[in-house]
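The structure under discussion appears below in the form of structure tokens.
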Amino acid sequence: MCTLEKRGNIYLLTLTGSGEHRFNPSLLSSLRAALSSLLCSSHAPNSALITCAEGKFFSNGFDQSWVRSAPPSQHRIISDLLRGLISDYLSLPMPTVCAVTGHAAAAGCALVLAHDYVVMREDRGFFYMSELDVGLKFVKYFEVFFNEKIPDNQTRRDVLLRSARVTAREAMARGIVDRAAQGIEGTIEEALRLAEEVAATVSDGSKLAEKRKLMFSETWRHVSAAGGSKL
């Protein structure tokens with residue numbers, strides 16, 4: 001499902017395999033377990049986390065085949081697990097960088113935006129909120145999260161109401177992405193450079209986490225409600 005490795009003071013969390021990395025209880029629980037193990041381990045003050053993925057997709061959102069096969073009473077599980085995952089990222093006492101190594105769609109976009117910084121592959125892949133195209137509704141924490149993470153009204157309108165397929169260069173111009181790079185390895189290498197840069201500025205990770213929660217206070221209020229974070 002995912003692996004967590006250490007490269008110097010940088011941790012690399014990788015969604016493994018060549019599939020679409022769709023969110024089901026197994027994958028979301030695996031990601032949360034990796035973040036929990038990171039929090040419980042000893043790490044240097046100037047550490048950072050990078051999240052990336054193998055294959056063509058970064059994440060294609062919720063696993064609709066799981067939704068179709070699961071009883072309706074269980075459908076809320078993946079939404080609650082994603083809410084908890086966002087809470088985990090906001091709680092993490094180190095800078096976070098997302099290396100968008102392939103397509104990010106629907107709930108996959110939420111995982112991208114859960115990070116402090118974003119590097120996106122420019123030669124392949126889109127940032128694409130597909131809910132309108134497939135007729136899905138936003139849950140409340142999604143609405144609040146996107147309002148705080150994409151404050152520009154025109155950009156948010158195009159992403160949410162027009163389901164625009166945003167490339168890396170377009171995402172940089174709109175303030176969604178910080179840097180663009182070529183290829184999977186190039187994107188990860190650029191993310192490593194950015195992670196090193198921002199990690200060097202953080203001497204107290206706990207204070208960083210508290211500032212992050214204040215910066216996105218409405219999101220934090222929604223995702224941490226009812227014990228959303230297990231960290």
Side-chain angles (χ1 to χ4, degrees), residues 1-5 10-32 34-35 48-66 78-79 81-83 85-86 88-90 92 95-131 133-134 136 142 145-146 149-150 155 159-160 163-172 174-195:
M1 289 288 178
C2 68
T3 60
L4 182 66
E5 63 176 298
I10 307 300
Y11 295 88
L12 195 64
L13 176 59
T14 306
L15 284 70
T16 57
S18 59
E20 297 183 9
H21 308 299
R22 286 184 175 270
F23 296 147
N24 52 42
S26 296
L27 178 54
L28 289 168
S29 296
S30 179
L31 288 168
R32 297 200 71 190
L35 294 183
L49 171 72
I50 295 171
T51 307
C52 62
E54 297 176 343
K56 178 180 177 182
F57 291 87
F58 175 75
S59 172
N60 212 16
F62 285 141
D63 186 343
Q64 297 302 318
S65 63
W66 181 89
I78 54 174
S79 178
L81 281 169
L82 179 60
R83 183 180 72 166
L85 183 63
I86 293 171
D88 295 345
Y89 273 100
L90 293 181
L92 207 64
T96 58
V97 180
C98 189
V100 188
T101 43
H103 298 297
C109 295
L111 178 57
V112 172
L113 294 178
H115 294 74
D116 301 323
Y117 305 91
V118 181
V119 178
M120 185 172 175
R121 181 179 177 179
E122 64 178 323
D123 55 313
R124 174 178 288 182
F126 297 102
F127 182 93
Y128 168 47
M129 285 299 296
S130 59
E131 275 77 359
D133 288 348
V134 298
L136 295 178
F142 254 50
F145 186 47
F146 276 82
K149 278 288 186 168
I150 308 180
T155 297
V159 168
L160 299 181
S163 297
R165 297 171 187 257
V166 185
T167 65
R169 287 293 173 183
E170 292 169 340
M172 283 184 63
R174 291 172 176 264
I176 300 171
V177 166
D178 298 283
R179 297 181 184 178
Q182 289 285 328
I184 293 176
E185 290 304 317
T187 302
I188 294 173
E189 289 301 318
E190 189 61 38
L192 284 166
R193 282 190 286 270
L194 178 55

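Just so it is clear, the values below take in all heavy atoms, side chains as well, and ignore hydrogens, waters and symmetry mates.
A distance of 4.5 Å separates CZ of Phe23 from CG of Leu111, quoted to the nearest 0.5 Å. The CG atom of Leu81 lies 10.0 Å from the CG atom of Leu31; values are rounded to the nearest 0.5 Å. One distance of note links CZ of Arg174 with OG1 of Thr155; it measures 4.5 Å at 0.5 Å rounding. Note that SG of Cys98 and CG of Leu194 are 11.5 Å apart. Values are rounded to the nearest 0.5 Å. The CD1 atom of Ile86 sits 10.5 Å away from the CZ atom of Arg32 when rounded to the nearest 0.5 Å. Rounding to the nearest 0.5 Å places OG1 of Thr3 at 7.0 Å from CG of Leu13.
In this structure, the side chains of Asp178 and Val97 stay at 4.5 Å or more apart for every pair of heavy atoms. Annotation: side chain of Val159 is in contact with side chain of Ile176 (closest heavy-atom distance under 4.5 Å). Ile50 places none of its side-chain heavy atoms less than 4.5 Å from the side chain of Val119.
Remark: side-chain polar atoms of Arg22 are paired, donor with acceptor, to backbone N or O of Asn60 under 3.5 angstrom.
Residues Leu4 and Ala34 share a closest heavy-atom pair of CD2-O, 3.6 Å. Smallest separation of non-hydrogen atoms from Phe145 and Ala110: CE2-O, 3.4 Å. Heavy-atom minimum distance, Thr101 versus Ala53: OG1-O, 2.8 Å. For the residue pair Thr16 and Cys2, the shortest heavy atom distance occurs at OG1-N, 3.8 Å. The two residues Met129 and Phe142 have their closest heavy-atom pair at CE-CE2, 4.3 Å. The minimum heavy-atom distance linking Glu122 with Ala180 is given by the pair CB-CB, 4.0 Å.
Here salt bridge (charged side-chain N to carboxylate O under 4.0 Å, His left out) pairs that include residues 48-66, with residues two or more places apart or in two chains, number zero. Applying the side chain to side chain donor-acceptor pair (under 3.5 Å) test to residues at least two apart or on different chains, the pairs with a partner in residues 105-117 are Thr51-His115, Thr96-Asp116, Asp116-Arg212. Within the structure, salt bridge (charged side-chain N to carboxylate O under 4.0 Å, His left out) contacts touching residues 99-112 (residues at least two apart or in different chains) do not occur. Sorted pairs that involve residues 96-109 and meet salt bridge (charged side-chain N to carboxylate O under 4.0 Å, His left out), not counting sequence neighbours, are lacking altogether.
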Please report the C-alpha distance between Phe126 and Thr167 in whole Å, then the side-chain angles of each, then the deciding distance to 0.1 Å, and finally whether the side chain to side chain contact (heavy atoms under 4.5 Å, CB included) criterion is met. CA-CA 5 Å; Phe126 297 102; Thr167 65; 3.8 Å; yes
Take Leu35 and Leu85 through the side chain to side chain contact (heavy atoms under 4.5 Å, CB included) test and state the conclusion after the steps. CA-CA 9 Å; Leu35 294 183; Leu85 183 63; 3.8 Å; yes
Please test Leu92 against Leu49 for side chain to side chain contact (heavy atoms under 4.5 Å, CB included), starting from the C-alpha separation and ending with a verdict. CA-CA 9 Å; Leu92 207 64; Leu49 171 72; 3.5 Å; yes
Which atom pairs, donor and acceptor, lie under 3.5 Å between side-chain atoms of residues 183-192 and protein residues at least two apart or in another chain?
residue	atom	partner	partner atom	Å
Thr187	OG1	Gly183	O	2.6
Glu190	OE1	Arg193	NE	3.2
Glu190	OE1	Arg193	NH2	2.7
Glu190	OE2	Arg179	NH1	2.8

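Checking each of Phe127, Phe57, Phe58 against His103 for a ring-ring contact (aromatic ring centres under 6.0 Å, His included) leaves exactly one that passes, namely Phe57.
Residues satisfying the side-chain hydrogen bond (donor to acceptor under 3.5 Å, both in side chains) criterion with Thr14, sequence neighbours excluded, are absent altogether.
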